[in-house]
Each structure stands twice: as C-alpha cells, then as structure tokens.
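What follows is a set of notes on a single structure, which appears directly below.
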Protein chains: 2
Amino acid sequence: MPKDRAPTRIQKKNRATILNAALNVFSAHGFRGATVDQIATEAGLSKPNLLYYFPSKEAIHTALLSGLLETWLAPLHDLDEDGEPMEEILSYIHRKLQMSRELPRESRLFANELVQGAPRIHDALSNDLKALVDEKTTVLTGWMDQGKIARLHPYHLIFSIWALTQHYADFDVQVRAILGEEDPFEGAEPFIDTLYRKLLSP
Amino acid sequence: MPKDRAPTRIQKKNRATILNAALNVFSAHGFRGATVDQIATEAGLSKPNLLYYFPSKEAIHTALLSGLLETWLAPLHDLDEDGEPMEEILSYIHRKLQMSRELPRESRLFANELVQGAPRIHDALSNDLKALVDEKTTVLTGWMDQGKIARLHPYHLIFSIWALTQHYADFDVQVRAILGEEDPFEGAEPFIDTLYRKLLSP
DNA sequence: CGTGAGTTTGACCATATGGTCAAATCAAGA
DNA sequence: TCTTGATTTGACCATATGGTCAAACTCACG
C-alpha cells in the first residue's frame with residue numbers, strides 16, 4: 001500500500017479512477033454482486049494494482065459510501081430555517097430530484113445497501129442521518145406551528161420526498177419500461193411540484 | 001429431478017418450503033448475494049436434495065419471481081373502472097400499503113431485482129406490467145376527463161403510489177433508524193391518505 | 001545519469017460456490 | 001411383504017473469487 005505521506009500525482013489519479021469504477025460496478029450489482037476483477041477492469045488496472053491502492057473490496061466500498069454520504073445529504077442540509085417555508089421545501093425537492101437525474105449511480109449505491117438491511121452503514125443512519133433529520137423536522141414543525149405550511153407528520157413528509165424523488169433513479173428500468181421514449185424527469189418535475197404545492201398549502 | 005407427473009405430497013411440501021426459504025434469502029441478499037447452501041439450510045434440506053427439486057439457483061429465483069408477480073400486481077388489477085373514483089384509488093393505495101406491511105420480503109425481492117436493472121424480469125416489465133398500467137391509466141384519465149379527480153399525469157400518479165407505499169418495505173431499516181420505536185405504518189397510513197385526498201380533489 | 005522510493009504485474013493460494021453422481025434410504029401400492 | 005419409483009445424501013468437481021507476494025519496472029530528484 002502507498003505510504004501515508006502526501007499522495008503523489010499518480011496516487012490521486014488512480015484512487016479517483018478506482019472509486020469511479022467502483023461506483024459503476026457497486027451501484028449496478030450491489031456489494032456481493034460486484035467483483036474486484038470487474039472493478040479493476042473498469043478502472044483499467046490489474047487486480048493486484050488495484051489492491052495496492054485499497055486494502056480490500058470492503059475498503060473500496062466503505063470509502064465510496066462514506067465519501068458520498070455528505071453529497072447525498074447536502075440538499076437536506078441546505079434547507080434553511082430562515083427562508084420562506086414553501087419555497088424552501090420545494091427547492092429542497094427540486095435539488096433532490098435533480099440528484100436522481102444527475103447522480104443515479106449514487107442513488108442506487110445507497111438503495112442497494114438499504115434494501116439489504118444496510119449492513120455497512122447502519123451506524124451512519126442512526127447517528128448522522130437521524131441527527132440531521134431530527135434537526136430539520138424541528139424546522140418543519142416550527143413552520144407548521146406558524147401556520148406557514150399544512151400540519152403533517154414531519155418525518156413522513158421527509159420520507160415521502162425521498163421516496164418520490166429517488167424512485168426515478170432507483171427504479172429507473174421500471175419507469176422507462178412503462179413510459180417508453182418519454183423522459184421520466186420531464187413529467188416527474190411538474191407532477192411532484194404540483195403534489196407538494198397542494199399537500200403543503202395550509 | 002421429480003418426474004412431471006402429478007406432484008406427490010412430499011414434492012408439494014418441499015417445493016413450498018424451498019420457495020419460502022428462498023424468499024427469505026433472496027430478499028435479504030439479492031440474487032448474487034444469496035447462496036444455494038444458505039437457502040438449503042434455511043429450508044432444512046441438504047444442497048443436493050434442494051437441487052433435486054429445482055434444477056438451479058436461477059430456476060428457484062425465476063419460479064419465485066413469476067409466482068409472485070401476480071400477487072404483486074393484484075391490487076392494481078382490482079382497481080375498478082365502475083367504482084367511485086376517489087374511493088377506488090384510496091382503496092388501491094390502502095391495499096398497496098398493506099402489502100408493504102405484510103409482504104415486505106416480496107417487496108424487497110422485486111426491489112433488489114429492479115435496482116440492479118431487472119436483468120431477470122425485464123420482459124415481464126415491458127409486457128405484462130406495461131399492459132396493466134396502460135389499461136389502468138386509461139381508467140384514471142377517464143376519471144380526470146369526467147372531472148371526478150384532479151387532472152394529473154396518470155403514469156406519474158401511479159409511480160408516486162408505488163414509491164410512497166413500497167418505500168416503507170424496501171427502506172425499512174432507514175425508516176426505523178429515524179423513527180425509533182414508533183411503528184412506521186401507524187403514521188404512514190394517515191399521511192399518505194391525506195396526501196392523496198388533497199392531491200386528487202378536483 | 002544513478003538510485004531509491006513508488007508503481008505494476010504474473011503467478012499463485014485458499015476458500016466459496018454452483019452443480020453432479022452413484023449409492024443408500026424411504027414410501028406406497030400390488 | 002415385496003418391489004419399484006421417489007427421495008436423500010456424502011463425496012466430489014470445476015470454476016470463480018478475494019487476496020498475497022516477490023520480482024520487475026518507472027519515475028522524480030540529487
């Protein structure tokens with residue numbers, strides 16, 4: 001393995017290449033379904049060379065997940081207590097849908113992990129994620145108390161946003177099998193927007 | 001393999017046992033993540049004995065999927081063109097949520113398959129599923145034309161129902177990590193009900 | 001250049017896994 | 001009870017897979 005000094009030019013490039021290749025493979029096949037050889041080939045490296053940069057398959061997966069968790073939660077993080085409630089929420093939803101459109105691999109990486117019981121990120125869920133959600137539901141409840149948005153179960157409101165937006169990335173094949181040529185996001189955007197405008201109107 | 005005469009008592013029992021065990025294992029680990037040994041152990045049989053009833057791992061998986069697809073689509077099938085629109089749709093949603101609660105393994109079996117691109121059921125999606133959805137969206141559009149429910153993109157309306165209801169089965173760990181002790185379905189039921197009443201009101 | 005650290009790889013290993021087979025055991029009807 | 005087909009299994013096989021290692025090769029820098 002590379003010493004833990006400042007990473008060289010080559011180390012930087014290869015680590016990034018590997019993580020990108022691993023994202024392709026893990027998101028498409030899940031942890032168990034992905035093979036180190038597949039990732040190595042995808043990255044254009046030999047297997048031993050890949051294992052020179054990461055000590056194990058598990059290490060690559062962990063590096064990916066923890067590196068992407070922040071990105072994944074950023075939209076919710078940005079929900080601003082001091083903003084205009086309806087606008088803030090709709091903007092959050094918009095950013096979330098945008099992520100499903102632009103980062104479907106990341107969405108499926110987490111989906112794979114969650115569907116199988118999140119064996120490798122259970123801690124992050126009950127700690128970081130729960131903390132963030134608790135913080136933001138407080139904000140939502142505040143807005144409800146002020147009558148700015150309709151009173152709803154704040155946790156389920158957030159779940160619904162996750163479900164509706166991530167569905168288009170996670171179950172992409174199904175959506176496309178039904179819609180045919182039509183671009184899923186074309187119709188999803190106004191549909192979801194309408195849905196939440198109606199739902200949240202006080 | 002058993003001859004294709006009328007199945008014996010033992011054949012019936014063992015096939016059922018195997019499919020049930022396989023549902024446990026496949027839904028928890030995905031196709032690639034499940035092992036024949038695991039399924040055999042779960043079923044209380046030896047591996048060769050299990051392979052006496054099904055010719056391969058793939059065959060078990062296929063048998064499961066095709067056997068459960070009907071069950072899975074039944075609620076949508078039951079959506080009755082001649083019923084009262086709002087009531088019909090809310091009833092469909094209710095049945096769908098009930099399935100997430102009572103058949104989470106089945107939900108995750110399909111979720112696993114879909115997230116990974118549905119390599120083994122792509123045909124069923126573009127044929128059976130698409131046909132059924134097309135049929136029912138026609139009904140929905142009819143109701144919209146009559147002004148019985150709000151005008152919305154009918155496909156996305158159905159997607160939203162799938163997303164919101166199956167989320168509770170597929171991402172169960174995440175939901176529970178955030179809700180803690182609270183029963184997810186306790187709050188989900190009224191939340192989703194409210195959501196669609198507001199959304200569908202003309 | 002020369003040299004040592006950083007990088008790459010062919011060959012290899014242990015284990016896991018899907019699947020096979022012949023022999024043994026069991027069950028039910030004549 | 002006897003016989004025959006159904007059922008079960010221990011032993012085995014080929015392949016796939018995660019991971020190791022020593023030797024070879026590159027590259028940056030004095």
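Just so it is clear: chains get the letters A, B, ... in the order the sequence lines come, proteins before strands, and each one is counted from 1.
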Legend entry - Reference residue A:H61; test ring pair (Phe, Tyr, Trp, His ring centres under 6.0 Å); the match among A:F110, A:F31, A:F54: A:F31
Inset, instruction - Look at the side-chain N and O atoms of B:Q11 and state whether any lies under 4.0 Å from the OP1 or OP2 oxygen of D:dT7. - result: yes
Legend entry - Spatial distance of atom CG (B:L103) from atom CG (B:L109) [nearest 0.5 Å]: 11.5 Å
Check: protein-nucleotides 28-30 of chain D nitrogen or oxygen pairs below 3.5 Å:
residue: D:dA28; atom: OP1; partner: A:R9; partner atom: NH2; Å: 2.7

Legend entry - Any A:N14 side-chain nitrogen or oxygen under 4.0 Å from OP1 or OP2 of C:dT8: yes
Legend entry - Test log, rule salt bridge (charged side-chain N to carboxylate O under 4.0 Å, His left out), inputs A:R101 and A:D183: CA-CA 11 Å; A:R101 188 177 210 161; A:D183 174 13; 3.0 Å; yes
Legend entry - Non-hydrogen atoms of A:F185 and A:L97 that approach each other most closely: CE2-O, 3.8 Å
Legend entry - Heavy-atom closest pair, residues B:I18 and B:I39: O-CG2, 4.2 Å
Inset, instruction - Measure the CG-CG distance between A:L129 and A:L69 for me, rounded to the nearest 0.5 Å. - result: 7.5 Å
Inset, instruction - Using the salt bridge (charged side-chain N to carboxylate O under 4.0 Å, His left out) rule, take B:D37 and B:K47 through it: C-alpha gap first, then chi angles, then the decisive distance, then the call. - result: CA-CA 6 Å; B:D37 269 307; B:K47 183 167 61 164; 3.7 Å; yes
Legend entry - Short side-chain N/O contact from A:Y53 to OP1 or OP2 of C:dT8, under 4.0 Å: yes
Inset, instruction - Return the set of residues passing salt bridge (Lys or Arg N to Asp or Glu O under 4.0 Å) with B:R95 (not counting sequence neighbours), or none when no residue passes. - result: none
Inset, instruction - Summarise protein proximity over nucleotides 9-20 of chain D in one line of letters, 5' to 3': B for base, S for sugar-phosphate only, - for none, counting protein heavy atoms closer than 4.0 Å. - result: BBB-----SBBB
